[in-house]
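On a predicted model such as this, the values are computed, not experimentally measured, just so you know. In the text below, chain A, chain B and the rest are named by the order of the sequence lines, each starting its count at 1.
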Number of protein chains: 2
Amino acid sequence: MAESIPGTARSTRQRGEILTILRETEDFKTAQQLFADLRQQGSKIGLTTVYRNLQALADAGEADTMRLPNGEQLYRLCGQGRHHHHLVCRNCGRTIDIEGPAVEKWTERVADEHGFTDVSHTLEIFGTCATCAAESR
Amino acid sequence: MAESIPGTARSTRQRGEILTILRETEDFKTAQQLFADLRQQGSKIGLTTVYRNLQALADAGEADTMRLPNGEQLYRLCGQGRHHHHLVCRNCGRTIDIEGPAVEKWTERVADEHGFTDVSHTLEIFGTCATCAAESR
DNA sequence: ATGGGTGCAAATAATTTGCAGGTAA
DNA sequence: TTACCTGCAAATTATTTGCACCCAT
């Protein structure tokens, strides 16, 4: 009944709960955060399940992931769009998708110039969003 | 006698050993790797000390740090140059410094357009270097 | 019925911290 | 001498895995 994740066979209550929460926001969340949110709203889901489903979503390409400077991993349903990067508020976590065709080409070219193949890259921009900046004043 | 790290008061044997190893390569190393290298060459240094000194180096701006896609933190003495990024071989860890003034400006502009302040960013390019590509053939 | 899913508890792994003893200055 | 440093052991934190049980199909 609940929706499914490509690569998985069944639809379960917990899977639905996870997807529901993820759809409620545009922003990234850590597995721990998501777990806390679910518990708070009364779900009896297990942390393990959260991790496993988030991993499944990422593997299926349904979720976007990135890492905080401190190393924690963040997940977010992705707009199934093309490759893009993020502008993340260091304070509230608000996330804005960014596209930079020029940067993509640049990384390709640079890697190529040095004889590197099978290239990929990570690019994230961190800052304080206008709202948070106003609050801290 | 051994050299010092800004922000610290003394020069110790272990500190010198760490700096020596770090100077032997252009590439990034994890704390664990560095620790293993030191032990292998007979040093009796403690893992804790390695972590503490690497952190001190990073705090002092003497070391550059970045994270592997898997989350492990890497350290390397930095050429005290200006801000730059890295092209890292996914296989052997060889690292090449990259500079991209255009990208720097682009991130600034993008963040600014969205009202973000206090901006910083991370950008790393991963790939397989020519040597490793040849070996795996 | 049955194999994919789940959850608890235990296992990993990287990194940090408490604390007693060592040592550079 | 003195307090900065070190190292061991224990504690933390994020995440993964073993395994018995459960439920969507």
Side-chain angles (χ1 to χ4, degrees), chain A residues 1-22 28-60 62-63 65-76 93, chain B residues 1-22 28-60 62-63 65-76 93:
Chain A
M1 203 140 300
E3 40 267 284
S4 66
I5 297 172
T8 63
R10 296 179 190 173
S11 299
T12 64
R13 172 180 54 80
Q14 11 305 69
R15 196 159 288 171
E17 292 175 351
I18 289 174
L19 288 168
T20 298
I21 290 275
L22 286 176
F28 281 89
K29 277 184 192 285
T30 63
Q32 304 279 352
Q33 248 160 41
L34 183 52
F35 174 67
D37 288 354
L38 284 166
R39 284 300 186 125
Q40 187 159 45
Q41 65 173 49
S43 173
K44 300 207 177 333
I45 199 169
L47 178 57
T48 309
T49 302
V50 174
Y51 272 106
R52 279 195 282 232
N53 279 298
L54 247 21
Q55 189 53 60
L57 283 166
D59 289 348
E62 296 278 318
T65 74
M66 64 162 288
R67 258 172 216 285
L68 246 28
N70 80 15
E72 275 181 282
Q73 184 132 33
L74 301 173
Y75 300 82
R76 185 188 62 161
Chain B
M1 202 140 303
E3 41 267 281
S4 66
I5 296 173
T8 63
R10 296 178 191 174
S11 299
T12 63
R13 173 181 52 79
Q14 6 313 64
R15 197 160 288 173
E17 291 175 352
I18 289 173
L19 288 168
T20 299
I21 290 274
L22 287 175
F28 282 90
K29 276 184 192 283
T30 63
Q32 303 280 351
Q33 246 161 43
L34 183 52
F35 174 67
D37 288 354
L38 284 165
R39 285 298 184 125
Q40 187 159 45
Q41 65 173 51
S43 173
K44 299 206 177 331
I45 199 169
L47 177 58
T48 308
T49 302
V50 174
Y51 273 106
R52 280 194 281 231
N53 280 298
L54 247 20
Q55 188 53 60
L57 282 167
D59 289 347
E62 296 278 318
T65 74
M66 62 162 288
R67 261 171 213 284
L68 247 26
N70 80 18
E72 274 182 282
Q73 183 133 33
L74 302 173
Y75 300 82
R76 184 187 63 161

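The side chain to side chain donor-acceptor pair (under 3.5 Å) search around Thr49(A) returns none, not counting sequence neighbours. For Thr48(B), the side chain to side chain donor-acceptor pair (under 3.5 Å) criterion is met by no residue, not counting sequence neighbours. Judged as a side chain to side chain donor-acceptor pair (under 3.5 Å), and not counting sequence neighbours, Gln14(B) has no contacts. Here Thr8(A) pairs with Arg15(A) under the side chain to side chain donor-acceptor pair (under 3.5 Å) rule; sequence neighbours left out. Scanning for side chain to side chain contact (heavy atoms under 4.5 Å, CB included) contacts around Tyr51(A) gives Ala31(A), Gln32(A), Leu47(A), with sequence neighbours left out. For Gln40(B), there are no side chain to side chain contact (heavy atoms under 4.5 Å, CB included) partners at least two apart in sequence or on another chain. Applying the side chain to side chain contact (heavy atoms under 4.5 Å, CB included) test to Leu22(B) and every residue at least two apart in sequence or in another chain returns Ile18(B), Leu34(B), Leu54(B), Leu57(B), Leu77(B). In this structure Tyr75(B) satisfies the ring pair (Phe, Tyr, Trp, His ring centres under 6.0 Å) test with no other residue, sequence neighbours excluded.
Contact detail for Met66(A) and Phe28(A): the closest heavy-atom pair is CG-CE2, 3.7 Å. Summarising the geometry of Ser43(A) relative to Arg13(A), their closest heavy-atom pair is OG-NH1, 4.3 Å, with the distance given to 0.1 Å. The two residues Pro6(A) and Ala60(A) have their closest heavy-atom pair at O-CB, 3.5 Å.
One can place CD of Glu17(A) at 13 Å from C1' of dG7(C), the figure rounded to the nearest angstrom. As a whole-Å value, the separation of Arg52(B) CZ from dA9(D) P is 14 Å. Rounded to an integer number of Å, the gap from CD of Gln33(B) to P of dA13(C) is 16 Å. Spacing between atom CD of Gln55(B) and atom C1' of dC5(D) amounts to 16 Å, rounded to whole angstrom units.
For a distance-only test at 3.5 Å, the side chain of Arg13(B) fails to qualify as a donor-acceptor partner of the base of dG22(C).
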Write down the protein N/O and nucleotide N/O pairs, taken from nucleotides 11-15 of chain D, whose separation is under 3.5 Å; answer none if there are no such pairs.
residue	atom	partner	partner atom	Å
dT15(D)	OP1	Gln73(A)	N	3.2
dT15(D)	OP2	Tyr51(A)	OH	2.6
dT15(D)	O5'	Tyr51(A)	OH	3.3

Polar atom pairs between nucleotides 1-5 of chain C and protein, under 3.5 Å, N or O only, would you list them?
residue	atom	partner	partner atom	Å
dG3(C)	N2	Arg10(A)	NH1	2.5
dG3(C)	N2	Arg10(A)	NH2	2.2
dG3(C)	N3	Arg10(A)	NH2	2.7
dG4(C)	N2	Arg10(A)	NH1	3.2
dG4(C)	N3	Arg10(A)	NH1	2.8
dG5(C)	OP1	Ala9(A)	N	2.6

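Helix bend of the helix from dA1(C)-dT25(D) to dA25(C)-dT1(D): the angle between its two end axes, each built from five pairs, comes to 30° after rounding to 10°.
Remark: side-chain polar atoms of Arg39(A) are paired, donor with acceptor, to backbone N or O of Ile45(A) under 3.5 angstrom.
Side chains of Gln55(A) and Asp59(A): a donor on one and an acceptor on the other come within 3.5 Å.
Near DNA chain D, meaning a heavy atom under 4.0 Å from it, residues 36-45 of chain B has Arg39(B), Lys44(B), Ile45(B) in order of number.
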